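Okay, so here's the structure we're looking at.
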Amino acid sequence: MDTSVYDSKEYRRSRWAYGIECTFEYFVMLLVGDAFLAKLLTSMGVPDATVGIIASMVSLAFLFQLVSVFVVQRIRNTKCFAVLFHSLGQLTFSFLYVIPFLPFAESFRAPLALICILLAYFGNYFVHSIIFQWGNSYVDPKKRGSFSAVKEMISLFTGIFMTLLLGYIMDVYEANDNLEGSFIFASVAIVIFALCDLVCLLMVKNQVKTQKEIEERVPMRVVMRETLGNKNFVRVMILDILWKVALYATSGFLGTFRIRDLAFTVGAVQVINIAGSMSRFLLSRPMGRFSDKHSFAKGVELGILFAAIGYVFVIGSTPATRYLIIGYSLFHGMSMAGVNANMSNIVYSYVDTRYFVQASAIKNSISGLCGFGASLAASRLLAYVQENGNRFLGLPVYGQQVLAAISLTLLGVALLYAHFVIGKQKVMIQ
């Protein structure tokens, strides 16, 4: 394609509308993750181990992307299809904060919250790869790393202020003994962000297939040959599995660790998260340029290294040394600058663009399932440590510290694999 088309008014509007849409989607995710979700679930009497499982449902939700493998070639109107499912998913998140007000017994609230999260994530992730390819189709292939970095920087910069504001408001409500009021506020805020998200998607240039293009769809056996039959892609998928298992073995359980064991308030947790967002913000642009110059694989490799350092700080965090958890937030943010966008963009390096949606969906679904399995195993280990008075193998230790040690080990394996296996593969420029 003539690169000058990327400078056209329509293409510029589309990619920036997509970038801003990601920001509003990020705002919604802020309100249904980490300390916010932990506060909501614990108020409903949900145990710590169960909170960790529910918080990690995002990894299982990636399975919903598999559905897109079978329908993507049948979609004629990309905008209509993507907007419908994505917007319904975003709005469903607002219902999560309504659950405490429903006339149900406490034992029914956790399952209802789980169902709500699954439905919301289905709407989001069913069309996740479709929206990603749709939005990035208006970005110059040689500048995908830089665009992804700028897109993340916008989300992070505005997210810093939004995180601080949301955390402050939630703390004010709780300090005034009005926790229910904070839940109403969160629900309304999600609705507003979801509507802004919708407006942005409507501004992106549509992609409409002709009847001939739909009828000439590629057989599924060819799709499988170009994805799971592609050794380079399978190796990338293995790397993503190692990353997701290491991530979800610990991350979903740190919200309650900060609030209960380290005794931070929700507002304090959000300030710590802001520090992590700032580190990610400052590193995003250099990391984007680094990835465009060297490769998405090298960007992932560097991100994994930062993540490993972050878990060292979790291992050292106790009530007496609770501020070490800030080190984790800083390096976790830096790792996201290296891994988040690059792990998605890396598919472009080894799979033909015609099969990008299917390849991304397969990779994210399988690695997500493995990540969820890791969170289930981790929840049992966490419960075991807590039931034994925070002791493991005879040593006084918090369960989250044990989980962090496991994640650190897995990241060490992932780092070696990224360097000696993925780093040696030939990149396909598209």
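Note that the coordinates shown come from a computational prediction; the quantities given were computed from them, not determined experimentally.
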Evaluate the side chain to side chain contact (heavy atoms under 4.5 Å, CB included) criterion for residues Ser182 and Leu179: first the C-alpha distance (whole Å), next the side-chain angles of each, then the deciding distance (0.1 Å), finally the verdict.
CA-CA 5 Å; Ser182 69; Leu179 189 59; 3.6 Å; yes
Test log, rule side chain to side chain donor-acceptor pair (under 3.5 Å), inputs Ser137 and Gln207:
CA-CA 10 Å; Ser137 65; Gln207 291 180 340; 2.9 Å; yes
Please walk me through it: do Val69 and Ile362 pass side chain to side chain contact (heavy atoms under 4.5 Å, CB included)?
CA-CA 8 Å; Val69 173; Ile362 292 170; 4.0 Å; yes
As a quick check of understanding, evaluate side chain to side chain contact (heavy atoms under 4.5 Å, CB included) for Val32 and Ile117, giving each step before the final call.
CA-CA 9 Å; Val32 293; Ile117 289 174; over 6 Å; no
Assess the residue pair Trp134 and Val357 against the criterion (side chain to side chain contact (heavy atoms under 4.5 Å, CB included)); give the C-alpha distance rounded to whole Å, side-chain angles, the decisive distance to 0.1 Å, and a yes or no.
CA-CA 10 Å; Trp134 176 32; Val357 171; over 6 Å; no
Candidate pair Phe93 and Tyr121, rule ring pair (Phe, Tyr, Trp, His ring centres under 6.0 Å), full reasoning
CA-CA 9 Å; Phe93 276 125; Tyr121 276 123; 5.1 Å; yes
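Ser87 meets the side-chain contact (heavy atoms from CB on, under 4.5 Å) test with Val83, Leu198; sequence neighbours excluded. For Phe161, the ring pair (Phe, Tyr, Trp, His ring centres under 6.0 Å) partners two or more places apart in sequence, or in a different chain, are Phe157. Legend: residues meeting side-chain contact (heavy atoms from CB on, under 4.5 Å) with Val421, ordered by chain and number and at least two apart, are Arg235, Tyr417. Scanning for side chain to side chain donor-acceptor pair (under 3.5 Å) contacts around Tyr311 gives an empty result, with sequence neighbours left out. Judged as a salt bridge (charged side-chain N to carboxylate O under 4.0 Å, His left out), and not counting sequence neighbours, Glu180 has no contacts. Remark: Leu112 engages Ile99, Leu102, Phe104 in a side-chain contact (heavy atoms from CB on, under 4.5 Å) (not counting sequence neighbours). With sequence neighbours excluded, the residues forming a side chain to side chain donor-acceptor pair (under 3.5 Å) with Ser407 are Thr250, listed by chain and number. In this structure, the salt bridge (charged side-chain N to carboxylate O under 4.0 Å, His left out) partners of Glu174, at least two apart in sequence or on a different chain, are Lys39. Under the side chain to side chain donor-acceptor pair (under 3.5 Å) criterion, Ser277 pairs with no residue, sequence neighbours left out. Residues passing the side chain to side chain donor-acceptor pair (under 3.5 Å) test with Ser291 are Asn342, sequence neighbours excluded. With sequence neighbours excluded, the residues satisfying side-chain contact (heavy atoms from CB on, under 4.5 Å) with Ser344 are Phe132.
A pairwise comparison of heavy atoms in Thr92 and Cys116 identifies O-SG, 3.4 Å as the closest pair. When all heavy atoms of Gly19 and Lys151 are compared, the closest pair comes out as CA-CG, 3.7 Å. Nearest approach of Val347 to Ala359, heavy atoms of both residues: CG1-CB, 3.8 Å. In this structure, Tyr6 and Pro141 approach most closely via the heavy-atom pair OH-CD, 3.6 Å. Taking all atoms of both residues into account, the shortest heavy-atom contact from Ala113 to Leu41 is CB-CD2, 4.1 Å.
Taking 4.5 Å as the limit, every side-chain heavy atom of Leu403 sits out of range of all side-chain heavy atoms of Val314. By the 4.5 Å heavy-atom criterion applied to side chains, Val71 and Phe81 are counted as neighbours. Counting only heavy atoms from C-beta outward, the side chains of Asp240 and Val236 never approach each other to under 4.5 Å. Residues Lys79 and Leu201 fail the side-chain proximity criterion, which asks for heavy atoms closer than 4.5 Å. You'll find the side chain of Met203 stays beyond 4.5 Å of the side chain of Ile20, heavy atoms only. Side chains of Phe183 and Asn178 form no contact here, defined as non-hydrogen atoms less than 4.5 Å apart. A 4.5 Å side-chain heavy-atom check between Ile131 and Val204 finds every atom pair outside the cut-off. A 4.5 Å side-chain heavy-atom check between Asn232 and Ile422 finds every atom pair outside the cut-off.
No more than 12 heavy atoms of other residues, nucleotides or ligands shown are found within 6.0 angstrom of NZ on Lys143. Counting non-hydrogen atoms of other residues, nucleotides and ligands closer than 6.0 Å to CZ of Phe101 gives a total above 12.
For the atom pair Met287 CE and Arg285 CZ, the distance stands at 14.0 Å (nearest 0.5 Å). We find the CZ-OG distance between Arg289 and Ser284 to be 12.0 Å, quoted to the nearest 0.5 Å.
Annotation: Phe253 is not in aromatic contact with Phe257 [ring centroid separation under 6.0 Å not met]. A centroid separation of 6.0 Å or more is found between the aromatic rings of Tyr348 and Phe296. Between Tyr350 and Phe233, the ring center distance fails the sub-6.0 Å criterion.
Of the possible polar contacts, none joining the Asn136 side chain to the Val139 backbone as a donor-acceptor pair under 3.5 Å is found. Between the side chain of Ser295 and the backbone N or O of Lys298, at least one donor-acceptor pair lies under 3.5 Å. Without hydrogens or angle criteria, Gln90 side chain to Ala194 main chain gives no donor-acceptor distance under 3.5 Å. Proximity of a side-chain donor or acceptor of Ser148 to a complementary backbone N or O of Gly145 within less than 3.5 Å is not detected. A donor-acceptor distance shorter than 3.5 angstrom exists from the side chain of Ser187 to the backbone of Ser94, with no hydrogens or angles considered.
Counting only N and O atoms by type, the side chains of Ser360 and Ser129 include no donor and acceptor under 3.5 Å apart. Side-chain contact of Ser14 with Lys205: a donor-acceptor pair under 3.5 Å is absent, judged by distance alone.
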Show me the donor-acceptor pairs, under 3.5 Å and distance only, between side chains in residues 322-336 and residues at least two apart or in other chains.
| unit_1 | atom_1 | unit_2 | atom_2 | d |
| --- | --- | --- | --- | --- |
| Arg322 | NH1 | Leu262 | O | 2.9 |
| Arg322 | NH1 | Ala263 | O | 3.1 |
| Ser335 | OG | His332 | O | 2.6 |

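Arg354 and Asp352 are joined by a salt bridge, as a carboxylate oxygen and a charged side-chain nitrogen come within less than 4.0 angstrom of each other.
Between Tyr18 and Phe147, the two ring planes are parallel [angle under 30°; tilted spans 30° to 60°].
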